[in-house]
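Please read the structure below before turning to the comments.
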Amino acid sequence: MRLAAPALLALVAFLAPALALVALLWSTSFVRVATESMAPTLLVGDRLLVVRRAALSRRFPDRGQVVVFTAAGDRRRRLVKRVAAVGGDTVLADRRHALAVPPGGLFVLGDNGRVSHDSREYGCIDTDQVTGRALLVVWPPRRVRRVS
C-alpha cells in the first residue's frame with residue numbers, strides 16, 4: 001500500500017506538530033516560586049518553565065545557572081536556587097570558613113541572601129537532586145522573560 005504524495009504530506013503536516021508537542025511536554029515542566037529567596041530575579045508566585053535534566057547537555061548544571069532541585073528530606077518539595085559552585089570549587093561558606101565542594105556536589109545560593117535558606121545553611125546538594133534548569137518566567141504575563 002503506497003500513499004499518494006498529497007496524502008503523505010497531509011500525514012506529515014498532522015504528525016509533526018503532535019510530535020513536537022510530545023517532545024516539549026516530555027522535556028519541560030512548570031514550577032511555582034514559593035518563597036522570596038530568589039528576589040528580585042524571581043518573585044513569589046512566578047511560574048517557571050523548567051527544562052528537565054534529561055533534555056540538557058553534559059555541561060549542566062554549571063555556575064550561574066538557576067536550577068530546580070528536590071529537598072533532601074522531602075522529594076516532593078522542589079526548590080529554586082542559583083548554582084554558585086560545582087564539584088572541585090572552593091567557596092567561602094561564611095565569613096571565616098572555606099568549603100571544598102565535593103565531586104558531584106553543588107553549592108547553591110538564593111539571590112536574596114538575607115532570607116534564603118541555601119547551601120550556607122544545609123551544605124552542598126548532590127547533583128542527582130537537580131531536576132532541571134529554570135528557563136523562562138511564563139506567569140504572570142507582565143513578568144514573562146528569560147531567567148538569567
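The model shown is predicted, which means the values in this text are computed figures rather than measured ones.
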Are any non-hydrogen side-chain atoms of [X] and [Y] less than 4.5 angstrom apart?
| X | Y | answer |
| --- | --- | --- |
| Val66 | Val80 | yes |
| Val144 | Leu136 | no |
| Leu106 | Val130 | yes |
| Val137 | Leu42 | yes |
| Val101 | Val86 | no |
| Phe107 | Asp89 | no |
| Leu109 | Arg82 | no |
| Cys124 | Leu99 | yes |

Within the 3.5 Å criterion, strictly below it, is a donor on Ser37 or Asn112 matched to an acceptor on the partner's side chain?
no

So which atom in [X] and which in [Y] form the shortest heavy-atom distance, rounded to 0.1 Å?
| X | Y | answer |
| --- | --- | --- |
| Pro61 | Thr127 | CG-CG2, 4.3 Å |
| Thr90 | Ala98 | CG2-CB, 4.0 Å |
| Arg78 | Ser29 | NH1-OG, 3.8 Å |

What do you reckon, is CD of Gln129 surrounded by more than 12 foreign heavy atoms closer than 6.0 Å?
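Result for CD/Gln129: enclosed.
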
For atom CZ of Arg145, is the number of surrounding heavy atoms from other residues, nucleotides or ligands below 6.0 Å larger than 12?
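Check passes, neighbour count above 12.
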
Carefully, step by step, assess Leu135 and Leu48 under the rule side chain to side chain contact (heavy atoms under 4.5 Å, CB included).
CA-CA 7 Å; Leu135 187 63; Leu48 308 176; over 6 Å; no

Would a hydrophobic clustering, with Ile, Leu, Val, Met, Phe, Trp and Tyr connected at side-chain separations under 4.5 Å, put Val44 with Val115?
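Different clusters: Val44 never reaches Val115 through Ile, Leu, Val, Met, Phe, Trp or Tyr contacts under 4.5 Å.
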
Any link between Met38 and Val31 through a network of hydrophobic side chains (Ile, Leu, Val, Met, Phe, Trp, Tyr) touching at under 4.5 Å?
yes

Report the C-alpha separation of Thr131 and Phe69 in whole Å, then their side-chain angles, then the decisive distance to 0.1 Å, and conclude whether the side chain to side chain contact (heavy atoms under 4.5 Å, CB included) test is met.
CA-CA 5 Å; Thr131 59; Phe69 60 96; 5.6 Å; no

So, are Arg143 and Asp46 salt-bridged, with charged N and O less than 4.0 Å apart?
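Judged by the 4.0 Å cut-off on N to carboxylate O distance, Arg143 and Asp46 do form a salt bridge.
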
Start with the C-alpha gap between Val83 and Asp62, add the side-chain angles, then the distance that decides, and say whether side chain to side chain contact (heavy atoms under 4.5 Å, CB included) holds.
CA-CA 7 Å; Val83 176; Asp62 203 2; over 6 Å; no

Which residue pairs pass the side-chain hydrogen bond (donor to acceptor under 3.5 Å, both in side chains) test with at least one member in residues 115-125, sequence neighbours excluded?
Lys81-Ser116, Ser116-Asp118, His117-Glu121, Asp118-Arg120

Any chance you could measure Arg47, atom CZ, to Arg32, atom CZ, to the nearest 0.5 Å?
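Nearest 0.5 Å value for the CZ-CZ distance: 5.5 Å.
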
Checking side chain to side chain contact (heavy atoms under 4.5 Å, CB included) for the pair Arg52/Val50: CA distance, chi angles, key distance, verdict?
CA-CA 6 Å; Arg52 294 180 200 259; Val50 177; 5.9 Å; no

